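Lettering of chains follows the sequences in order, A, B, ..., and the numbering in each one begins at 1. Just so you know, these numbers use all the heavy atoms, side chains as well, and skip hydrogens, waters and symmetry mates. Just so it is clear, the structure is predicted and the values come from calculations on it, not from any experiment.
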There are 2 protein chains.
Amino acid sequence: MGWQAVQDEVRARISRRVWKPGALIPHEAELARELGCARATVNRALRGLAEAGLLERRRKAGTRVALTPFRRAEFTIPLIRDEIEGRGQRFGCQVLSRVLRAPPPEVQARMEGGDAPILYLAALYTADNAPYVCEDRWINTHAIPAALEADFTAISPNEWLVREVPFDGGDFTLSALAADAGLAERLDCAAGSGLLVLDRRTWHAGQVITSVRLVFHPGYRMHSQT
Amino acid sequence: MGWQAVQDEVRARISRRVWKPGALIPHEAELARELGCARATVNRALRGLAEAGLLERRRKAGTRVALTPFRRAEFTIPLIRDEIEGRGQRFGCQVLSRVLRAPPPEVQARMEGGDAPILYLAALYTADNAPYVCEDRWINTHAIPAALEADFTAISPNEWLVREVPFDGGDFTLSALAADAGLAERLDCAAGSGLLVLDRRTWHAGQVITSVRLVFHPGYRMHSQT
DNA sequence: TCCTGTTTTATGTATGTACATAATAGTGAG
DNA sequence: CTCACTATTATGTACATACATAAAACAGGA
């Protein structure tokens with residue numbers, strides 16, 4: 001029995017409630033004997049299920065079925081160009097604004113960089129010329145001076161950064177917003193529409209490289225499976 | 001060198017661009033020799049980084065640094081009670097409605113169950129008596145007849161289902177909505193507020209068990225890190 | 001040139017063994 | 001009874017070895 005088969009068997013037993021939520025399951029050595037494989041194989045299978053949140057494991061205490069499984073969800077952050085072209089539509093990007101300016105207080109807080117002027121970019125991404133998502137981006141020009149020279153009409157800010165700048169992590173939040181007059185115009189939608197908002201920060205070597213807010217067109221959805 | 005140390009070393013080399021995006025990295029056996037450990041250890045480390053999206057691996061072709069890392073994001077679906085009590089607020093749940101009725105077409109499509117009447121529940125979750133999130137839930141009573149007898153005043157629908165019903169997967173979408181008059185009243189907010197919406201489906205044995213829409217109070221945010 | 005079948009190679013998986021580690025369970029002294 | 005120490009035990013990790021598998025690279029023939 002390979003580790004995938006062991007996983008399937010364990011999943012099935014949990015699903016059929018042979019092993020109930022919160023219950024202790026047999027230890028690795030016993031499962032290995034029962035299923036006719038090495039303990040390493042069982043370990044591989046159970047470790048995977050624990051990472052998926054289906055099991056909870058502790059040394060000596062053993063392995064038990066999670067009380068609330070499927071709480072962890074994974075989704076892939078959209079690469080806007082791929083998302084649009086993947087549906088057979090034509091991708092477009094217009095840079096609406098590009099200035100050096102002092103960030104507003106909430107951006108200062110997010111970027112932890114004080115009130116020195118940094119690069120601000122406003123862009124609109126379109127699918128078949130229809131507004132798809134608008135982007136407000138702040139770039140830490142102290143960490144990335146090259147951003148001052150980059151030509152963001154030839155390549156989108158996001159693609160330039162991904163290509164040119166190393167980074168090693170980030171965080172983001174999802175929220176909702178009602179379209180004010182300015183957003184309604186940029187996204188060509190009714191004022192007051194509910195809009196999905198993604199705020200993202202990207203890090204490298206302990207510094208915030210860039211902070212970006214994406215406001216999606218009305219009706220946009222993010223999907224995920226568990 | 002343990003597998004964690006190997007991971008750290010590889011992360012560092014990617015971060016410092018010793019290995020650039022898209023580039024091939026040395027194969028496992030060579031890394032094992034260089035770092036002074038067994039191939040299995042290197043395999044464990046690299047497999048983890050590939051799962052995290054930092055590397056791309058293919059048999060025979062080798063391992064290369066991902067062009068767009070950090071596209072995968074994981075977050076934990078909130079357990080409403082925990083989320084509220086975790087902030088030191090008082091959790092509350094009122095069931096506003098509970099009827100057997102034919103689901104509207106979009107719910108029929110989501111539940112793949114036709115137009116036979118099923119159980120509909122509307123509830124409001126509160127934090128310190130302030131509306132926190134409102135829930136519209138449909139329960140497949142053919143799969144879960146016990147739901148017809150359950151007392152959802154003593155326990156929230158969500159908690160009852162998690163406790164009583166086995167399930168083995170689900171999916172969800174995140175979107176945004178402008179509050180209409182009804183939602184504004186339920187959530188005690190201004191009509192037209194932008195609201196975050198989570199639509200979730202839960203499966204067991206090939207059937208949709210329950211479909212639920214959560215509409216969060218204005219200003220609600222979901223967080224994640226990569 | 002193009003197709004086809006063969007070789008080569010890097011990753012993927014399985015196994016037995018050994019030891020490390022964390023945390024429970026048990027023991028004994030006070 | 002309580003505290004401190006010890007033994008036990010299930011998981012965690014490391015390693016050497018072996019074989020499986022996918023896919024690129026190569027060779028040979030039409």
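Comparing C:dT24, D:dA23, C:dT13 by their closest approach to the side chain of A:Q4 singles out C:dT13. Considering only side-chain atoms of B:E28, the nucleotide from C:dT11, D:dA14, C:dT15 that sits closest is C:dT11. Side-chain proximity of A:R57 to the nucleotides C:dA23, D:dT11, C:dT13 is greatest for D:dT11. The side chain of B:A38 lies closest to D:dC15, out of C:dT24, D:dC15, D:dG12. In this structure, of C:dG12, C:dT24, D:dT11, it is C:dG12 that holds the atom nearest to the side chain of B:N43.
Sequence order on DNA chain D of the closest nucleotides to A:H27 and B:M1 puts A:H27 first from the 5' end. Closest-nucleotide positions on DNA chain C for B:I25 and A:G36 were compared, and the one nearer the 5' end corresponds to B:I25. Where A:R59 and B:P26 meet DNA chain C, the nucleotide closest to each residue was compared, and B:P26 sits on the side nearer the 5' end.
Looking at A:R39, its side chain comes within 3.5 Å of the base of D:dG12 through a donor and an acceptor atom.
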Step by step, work out the side-chain contact (heavy atoms from CB on, under 4.5 Å) result for A:L79 and B:R71. CA-CA 8 Å; A:L79 267 191; B:R71 303 240 299 107; 3.6 Å; yes

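Salt bridge status for A:R57 with A:E28: present, with a side-chain N to carboxylate O gap under 4.0 Å. Taking a cutoff of 4.0 Å between a charged side-chain nitrogen and a carboxylate oxygen, A:R13 and A:E34 qualify as a salt bridge.
Within 4.0 Å of A:R47, counting heavy atoms only, lies no atom of the nucleic acid at all.
Side-chain atoms of A:E164 and A:I144, non-hydrogen and from C-beta on, never get closer than 4.5 Å to each other.
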